[in-house]
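Each remark here refers to the structure printed beneath this line.
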2 protein chains.
Amino acid sequence: MRWDDLDKQPCSLARTLSVVGDRWTMVILRDCFLGVRRFDEFEKRLGITRHVLAERLRKLVDHGVLYKTPYQQKPVREEYRLTDKGLELHPVVMALVHWGDTHMADERGAPIVHVHKQCGQVMQPVTVCSCCGEPVTARDIRVETGSGWQDLAKELLP
Amino acid sequence: MRWDDLDKQPCSLARTLSVVGDRWTMVILRDCFLGVRRFDEFEKRLGITRHVLAERLRKLVDHGVLYKTPYQQKPVREEYRLTDKGLELHPVVMALVHWGDTHMADERGAPIVHVHKQCGQVMQPVTVCSCCGEPVTARDIRVETGSGWQDLAKELLP
DNA sequence: TAGGTTGGGTTCCTTTTTGGAACCTGTCAA
DNA sequence: TTGACAGGTTCCAAAAAGGAACCCAACCTA
C-alpha cells in the first residue's frame, strides 16, 4: 500500500495519520499550539526547508486544521491559526509530549511544562474513560468492531 | 534541519517523533495494540513493503518500544511485543483514533470501538489534569519553560 | 527424496520525497 | 536606487519508500 492511500483505510488512526502523520506536520502543529503563526517564524524555529513547510501548511489548511487570516494589507500578509478541528488535536500533542518527557528526557527534565490555568498547577495529561472517569491504560481496553462495520469484522481485527 | 536530528531537539514532542514520527511506525503500533505480533501478519494487514517493515520493527526494538521473543524452536521463530514503554504509547494511539472518529469518519461511524473492561461501556478517551482531574483543552493550558531549561527560555517559546 | 511451503528476512532497482540553495514579487524605508 | 522583509516557487541532488525478486533453514507431503 502507498502511504497516500492511508486515508481510504477503514481505520480512524490511519485516516488521522493521512493528515498529520508525515515527518514534519506534528512539529508544525506543536509550534501552532505554542502560538507561532507566521511562515518565517515556523521556518526559523523548525529549520525545515521552505518548500516542505509551504506544502505542509497548505495541506493543513486544505484539511481544515489551520486557516489563513490576514494580519495586514498592502502588501497582504497572512498568518496561520488553528481551527477548532486543529485545537482538538491537543490531546495528541499532550500525549506525545508526555511520553517524551517520561522516556526521552535527559537529566535536565522536561524542556516545557504545562500549567493548568484553572487549578494553577503543573500538570500531566491523564487519559480517562468518558463513562466512568477512571484512568485507562492499554490493558483496561477491549476492542470491538463498530456497529456499522460488522461485515468487515474479520478484516479489522486480527 | 534534517529529520534525523529531531532527537537532539530540546523538545519532548520532537524526541518522541524521532521514534514514532515517520510514515508507518504509528500504524505498526496500532496493530501491536490490536494483538498483531508476527512479521507476515503485519505485512498482510498493512500492505507495507517488507524492507520498510523490517527496518521499522528493528528501530522500535532498538528504542525499547517492542521486544522480540521466540514462540517456537526449530526453526526459531520470534514475534514482536510491546514493552511497558511501548504500552505507554496507548494514550497517543487513543487520541489519534478519537480525532479520526470525530473528524474523518464516514456515515458508517467508527470502524473500531473501545470497551472499558472495568465499567463495561464503550468509551472515548478524555484528557484530564493530573492535579485536579478536570478535563483540559488547548485553551486551558499555559506553557512555561521547565526548571532545568531557564537558560533556553527565549529559544523554546516564541 | 524431490518439490513445495512457511516465516522472516535481504537485495536490487525505480519512483517519490526531502534537503538545500537560489530566485521571484510587492511594498516600504533610507 | 538599493536594500530589506514576508512569503513563497523553482531547480537539482540526496535520501527514503515502493515493488519485485531472491535467500535460507526447517518442515510437510506425494
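In what follows, chains are A, B, ... by sequence order, proteins preceding strands, each numbered from 1.
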By the 4.0 Å heavy-atom rule, please label A:Asp5 as base, sugar-phosphate, or nothing. nothing
C:dT10 OP1/OP2 closer than 4.0 Å to side-chain N/O of B:Arg58: yes
Describe, in one word, how the ring planes of A:Phe42 and A:Tyr80 are oriented to each other, choosing from parallel (under 30°), tilted (30 to 60°) and perpendicular (over 60°). perpendicular
Need one value for B:Tyr71: base, sugar-phosphate or nothing, where a base atom within 4.0 Å counts as base even if backbone is also close, heavy atoms only. sugar-phosphate
Checking A:Arg56 against A:Trp24: charged group under 6.0 Å from the ring centre and within 45 degrees of the axis? no
Ranking D:dC27, D:dG18, C:dG19 by distance to the side chain of B:Pro75, first place goes to D:dC27
Applying a 4.0 Å non-hydrogen cut-off, can you work out what A:Tyr80 is touching in the nucleic acid: base, sugar-phosphate, or nothing? sugar-phosphate
Answer yes or no: does a side-chain N or O of B:Trp3 lie under 4.0 Å from OP1 or OP2 of C:dT17? no
For B:Glu78, answer base if it contacts any base atom (sugar-phosphate contacts may also be present), sugar-phosphate if it contacts only those atoms, and nothing otherwise; contact means non-hydrogen atoms under 4.0 Å. sugar-phosphate
Base, sugar-phosphate, or nothing: which does B:Lys44 touch, judged by heavy atoms less than 4.0 Å apart? nothing
Taking all heavy atoms of B:Met123 and all of B:Val115, pick out the closest pair and write down the distance. CG-C, 4.5 Å
Verdict with supporting geometry, B:Lys8 and B:Asp5, salt bridge (Lys or Arg N to Asp or Glu O under 4.0 Å): CA-CA 6 Å; B:Lys8 288 147 204 142; B:Asp5 300 328; 3.1 Å; yes
Atom pair distance, as rounded to whole Å: CG in A:Leu53 and C1' in C:dT18: 13 Å
